[in-house]
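Below is one structure, written out as structure tokens; comments come after it.
Residue numbers start from 1 in every chain, and the chains themselves are labelled A, B, ... in the order their sequence lines are given, proteins ahead of strands.
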Protein chains: 2
Amino acid sequence: MGWQDYLDTNQTRFEQELLDFVAIPSVSAKPDHMGDVERAAEWVAARLRKAGIENTAVLPTTGHPAVYGDWLHAGPDKPTVLIYGHFDVQPAEPFDLWHSPPFQPEIREGRVWGRGASDDKGGMFIPILAAEALLATTGRLPVNVKFLFEGQEEIGSPDMPPFIEAEARRLSCDMIFSADGLQWTANEAQLVMGLKGLVGVELIVEGAQADQHSGLHGGGINNPLMALSQILASMKDAQTGRITIDGFYDDVVELTVEDKQEIARVPFDEAEYCAELGVPEAFGEAGYTVRERLWARPTLELNGLTGGYQGAGSKTVLPARASAKITCRLVANQRPERIAELIAAHVAAHTPPGVTARIEHLAGDADPFLVPRGHNATQAAGEVLREVYGAAPYITRVGGSIPIMTLFLRALGVHGVMFGFSIADENLHAPNEFFRLENFRRGQTAYCRLLERLGR
Amino acid sequence: MGWQDYLDTNQTRFEQELLDFVAIPSVSAKPDHMGDVERAAEWVAARLRKAGIENTAVLPTTGHPAVYGDWLHAGPDKPTVLIYGHFDVQPAEPFDLWHSPPFQPEIREGRVWGRGASDDKGGMFIPILAAEALLATTGRLPVNVKFLFEGQEEIGSPDMPPFIEAEARRLSCDMIFSADGLQWTANEAQLVMGLKGLVGVELIVEGAQADQHSGLHGGGINNPLMALSQILASMKDAQTGRITIDGFYDDVVELTVEDKQEIARVPFDEAEYCAELGVPEAFGEAGYTVRERLWARPTLELNGLTGGYQGAGSKTVLPARASAKITCRLVANQRPERIAELIAAHVAAHTPPGVTARIEHLAGDADPFLVPRGHNATQAAGEVLREVYGAAPYITRVGGSIPIMTLFLRALGVHGVMFGFSIADENLHAPNEFFRLENFRRGQTAYCRLLERLGR
């Protein structure tokens with residue numbers, strides 16, 4: 001029996017096991033579910049062993065545990081592949097919006113319904129089943145494989161950076177595949193080539209040492225709220241949307257003609273996009289399409305503004321202080337530290353008279369991530385996707401940041417490949433999360449083919 | 001015995017009566033003191049009758065009552081003078097900061113200590129005592145006098161506009177003097193020639209119909225917080241402080257050379273002003289001194305900014321909405337309605353692409369107030385001040401608004417004169433309010449002289 005027959009024969013059992021897995025309410029955000037996260041870790045370790053994976057262990061971190069396992073008998077001439085996923089889930093509230101209980105998963109309409117079915121229990125279970133099928137039918141794996149599953153992705157992986165650095169030797173590898181990822185639609189694949197980085201700052205403007213009466217002191221001293229507005233407005237051209245901070249674009253890797261063509265191939269309906277968000281028109285840096293801006297151009301966004309009186313009606317106060325929260329999404333090769341410095345220099349140069357302004361660099365720096373063109377593992381993934389979907393995957397990027405990918409790049413020196421089979425419409429962080437069984441199966445096939453291809 | 005002898009002889013009794021008056025906790029802001037405000041009104045009406053004033057009445061309004069009384073036997077060739085004050089007081093909290101209980105007033109160091117001693121029970125009692133002295137010693141008053149005292153000044157006189165319009169006939173007069181006012185220092189007089197008006201608006205900028213993820217949509221759509229900052233920044237030149245709204249200054253009565261000389265004569269230490277407020281430097285419209293800006297130039301101040309995430313740390317949200325509260329202090333002859341229209345037009349012309357912006361005109365419009373040069377009652381008041389202080393009063397203005405003055409002007413057609421004897425250092429709205437007995441006495445003399453001069 002070949003591995004595809006094994007997968008077909010055992011699919012009902014796999015689905016039942018997925019239901020068991022989803023039934024564990026491993027909500028990492030909630031302290032009273034700490035034991036459930038632990039229980040999910042034990043379930044994963046046991047399931048790895050059952051699949052034939054060796055050296056399985058629940059590894060402690062300074063927070064929720066991680067699970068490791070490997071099979072390293074393919075030989076030194078074969079690559080070592082690290083496969084990543086996570087077994088913790090988002091909180092399920094509000095419960096009353098679920099059509100079936102989030103932790104009593106069930107199968108309806110060819111889908112598994114339950115919290116974590118798609119993000120990421122269904123996803124991370126796929127490569128385990130692929131390894132089981134290969135080991136059961138061929139007695140071996142085509143490459144050396146390491147599995148790393150974490151239990152804190154949904155809370156921002158706070159303990160993973162020190163953990164991965166400490167475990168760098170155990171995790172060392174040639175390629176990384178993340179089983180926590182999306183395909184374009186239920187029947188169209190994508191290959192994610194870039195993620196944006198992130199840097200956040202708070203801008204604080206201060207005037208008088210206490211709030212003043214606007215009648216007694218208006219016209220006498222500057223107003224920190226107006227000064228803040230003026231500094232912020234000086235950061236971006238209101239008409240072209242271009243960021244006007246000196247040096248901001250200096251390190252940006254510009255889009256090539258090929259990049260632009262790849263992006264243009266991905267379907268996008270601007271009118272529909274605007275209608276969905278409820279905006280009168282799209283807006284951003286002139287000279288780029290909406291998609292180019294969303295995926296491949298750096299941004300500067302105000303996330304919060306605070307100052308003075310914020311209640312109903314009017315209060316004639318001349319406030320002492322105002323502040324703004326700013327985050328920039330970065331693209332290769334911008335560096336968070338450098339951008340924070342440029343913002344601080346811009347603020348120093350644009351502070352009006354009569355107030356003081358300062359920048360606080362907030363936590364959460366993330367490096368941008370751009371897979372080099374010709375990257376071996378990515379090419380292999382692309383070819384497998386073309387086979388199992390019957391068409392070439394879209395070449396895409398993500399405007400958000402995925403800290404684990406930049407963490408792997410920094411600690412292990414390897415560009416990861418997103419190779420997951422969820423779809424964005426599967427209510428990932430919302431009530432009624434589901435996972436398509438069709439893609440659960442397709443993913444198993446894809447991982448078997450991927451490991452085979454990498455072993456050639 | 002002349003009226004000055006009468007005042008001297010009876011001063012101890014007057015001081016004791018002031019203590020009785022201050023002992024009534026007529027806090028207009030607090031519902032449980034409603035009866036005390038009523039009691040203070042009755043006390044005032046009784047005290048007017050005792051002084052020889054006729055037609056005294058506690059008049060109902062839609063809120064706290066007012067007190068009226070008159071003496072109208074000076075003859076039709078004599079002017080009719082309306083004297084105004086208020087018998088309600090600010091709340092006394094926090095009680096534990098008072099050295100003696102706020103409503104058990106006492107005399108120490110030549111001062112009456114208690115809530116309302118200066119604002120405005122001591123002040124409004126002065127003209128009653130002056131009338132008593134004149135009536136007791138001459139059997140008449142030199143002019144026709146009407147008294148109007150209100151019980152809701154400290155809560156913004158919400159019921160006075162309809163009351164005064166309804167009572168316009170009873171209150172009709174040739175001159176108005178407010179006994180709720182300040183002199184420059186304990187020994188230097190001032191004549192207030194101008195008050196600023198007020199108009200308030202809220203600026204609301206909206207983008208997407210809900211908050212969005214800044215990674216998914218940053219660069220795709222405009223950010224209402226940035227658009228708000230850009231619109232606000234476009235309203236004022238960051239370096240010159242000049243308001244850049246088209247037409248904003250059109251109706252402003254410019255300062256004459258004489259106006260500027262009068263203002264320059266009033267002592268002002270800019271370094272001390274900045275040190276007191278804790279600002280690095282003063283700031284405002286270029287081409288004017290700080291005092292000129294504070295007293296006689298219109299202002300546009302941001303009172304509040306709100307938008308997006310305002311908690312600790314960072315949140316990568318692209319908010320749906322941002323808003324700002326704006327008030328302008330107006331000078332003659334600006335009109336609140338017109339300024340609100342100009343702001344709305346400016347916003348419409350300066351809204352960046354991809355967002356909508358609108359203006360809501362807030363409650364609290366007030367007209368500016370500028371006493372015409374050569375105004376009869378003001379000149380008389382100035383001459384009396386020169387006599388009782390031994391030096392000419394400073395000619396000043398106030399950056400704030402005093403709604404009752406503009407209300408009188410609108411309803412009765414008469415410019416009021418501030419003729420009060422409190423000092424700004426008397427803790428008017430703070431713990432340990434006091435009133436200087438020296439100025440309590442000086443005020444009585446001043447009112448006697450004023451009425452005499454007006455009757456000549």
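- Residue with the most contacts toward chain A among Val279(B), Leu277(B), Leu216(B), Leu318(B): Leu277(B) (heavy-atom pairs, distance under 4.5 Å).
- Among Arg293(B), Glu206(B), Arg291(B), the residue with the largest count of heavy-atom pairs under 4.5 Å with chain A is Arg293(B).
- Among the candidates Pro352(A), Ser214(A), Cys274(A), the residue making the largest number of heavy-atom pairs closer than 4.5 Å to chain B is Ser214(A).
- Between chain B and the residues Pro353(A), Pro280(A), Gly278(A), the most heavy-atom pairs under 4.5 angstrom are made by Pro353(A).
- When each of Thr306(A), Thr289(A), Val355(A) is scored by its heavy-atom pairs under 4.5 Å with chain B, the top score falls to Thr306(A).
- Atoms CG and CG, on Leu225(B) and Leu305(A) in that order, are 4.0 Å from each other to the nearest 0.5 Å.
- In this structure, chain A has a heavy atom under 4.5 Å from the side chain of Leu300(B), while its backbone stays farther away.
- With a 4.5 angstrom heavy-atom cutoff, Ile326(A) does not touch chain B via any of its atoms.
- The choice from Pro298(B), Gly354(B), Ala322(B) that makes the most heavy-atom pairs within less than 4.5 Å of chain A is Gly354(B).
- Between the side chain of Asn223(A) and the backbone N or O of Leu302(B) there is at least one donor-acceptor pair closer than 3.5 Å.
- Proximity of a side-chain donor or acceptor of Lys325(B) to a complementary backbone N or O of Gly313(A) within less than 3.5 Å is detected.
- The CD atom of Gln230(A) lies 8.5 Å from the CD atom of Gln239(B); values are rounded to the nearest 0.5 Å.
- Neither the backbone nor the side chain of Leu195(B) comes within less than 4.5 Å of any heavy atom in chain A.
- Of the listed residues (Gly364(A), Ser314(A), Gly200(A), Ala210(A)), the greatest number of heavy-atom pairs within a distance under 4.5 Å of chain B belongs to Ser314(A).
- For the set Gly311(B), Pro319(B), Gly207(B), Ala238(B), the count of heavy-atom pairs under 4.5 angstrom toward chain A peaks at Ala238(B).
- Panel note: side chain Asn222(B), backbone Phe283(A); no donor-acceptor pair is recorded below 3.5 Å.
- For chain A, no part of Ile231(B) is nearby; none of its heavy atoms comes within less than 4.5 Å.
- Heavy-atom pairs under 4.5 Å with chain B were tallied for Val290(A), Thr299(A), Val317(A); the largest tally goes to Val317(A).
- Note: Gly307(B) leads Ser323(B), Gly307(B), Ser401(B), Pro224(B) in heavy-atom pairs under 4.5 Å with chain A.
- Neither the backbone nor the side chain of Tyr288(A) comes within contact range of chain B; no heavy atoms are under 4.5 Å apart.
- Your options are Gly308(B), Gly304(B), Gly241(B), Ala282(B), and the one with the most heavy-atom pairs under 4.5 Å with chain A is Gly304(B).
- When heavy atoms are compared at a cutoff of 4.5 Å, Ala312(B) approaches chain A solely by way of its backbone atoms N, CA, C and O.
- Interface remark: Ile221(B) contributes backbone and side-chain atoms alike to the contact with chain A (heavy atom separation under 4.5 Å).
- The NZ atom of Lys236(B) sits 10.5 Å away from atom OG of Ser229(A), with the distance rounded to the nearest 0.5 Å.
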Quiz item: Which is it for Arg329(B) and Thr316(A) under the side-chain contact (heavy atoms from CB on, under 4.5 Å) test, yes or no, and what are the steps along the way?
Solution: CA-CA 10 Å; Arg329(B) 298 282 174 173; Thr316(A) 52; 3.2 Å; yes

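- Interface residue Gln212(B): only side-chain heavy atoms are found under 4.5 Å from chain A.
- Separation of atoms NE2 (His217(A)) and CD (Glu276(B)) is listed at 8.0 Å; rounding is to 0.5 Å.
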Quiz item: Passes side-chain contact (heavy atoms from CB on, under 4.5 Å), Gln310(B) versus Gln310(A)? Steps please.
Solution: CA-CA 11 Å; Gln310(B) 312 202 11; Gln310(A) 312 200 11; 3.2 Å; yes

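- Neither the backbone nor the side chain of Arg297(B) comes within contact range of chain A; no heavy atoms are under 4.5 Å apart.
- Separation of atoms CG (Asn303(B)) and NZ (Lys315(A)) is listed at 9.5 Å; rounding is to 0.5 Å.
- Using a 4.5 Å cut-off between heavy atoms, Thr327(B) touches chain A through its side chain atoms alone.
- For the set Gly400(A), Gly218(A), Gly284(A), Ala324(A), the entry with the most heavy-atom pairs within less than 4.5 Å of chain B is Gly218(A).
- Of the atoms belonging to Lys196(B), it is side-chain heavy atoms, and not backbone ones, that fall under 4.5 Å from chain A.
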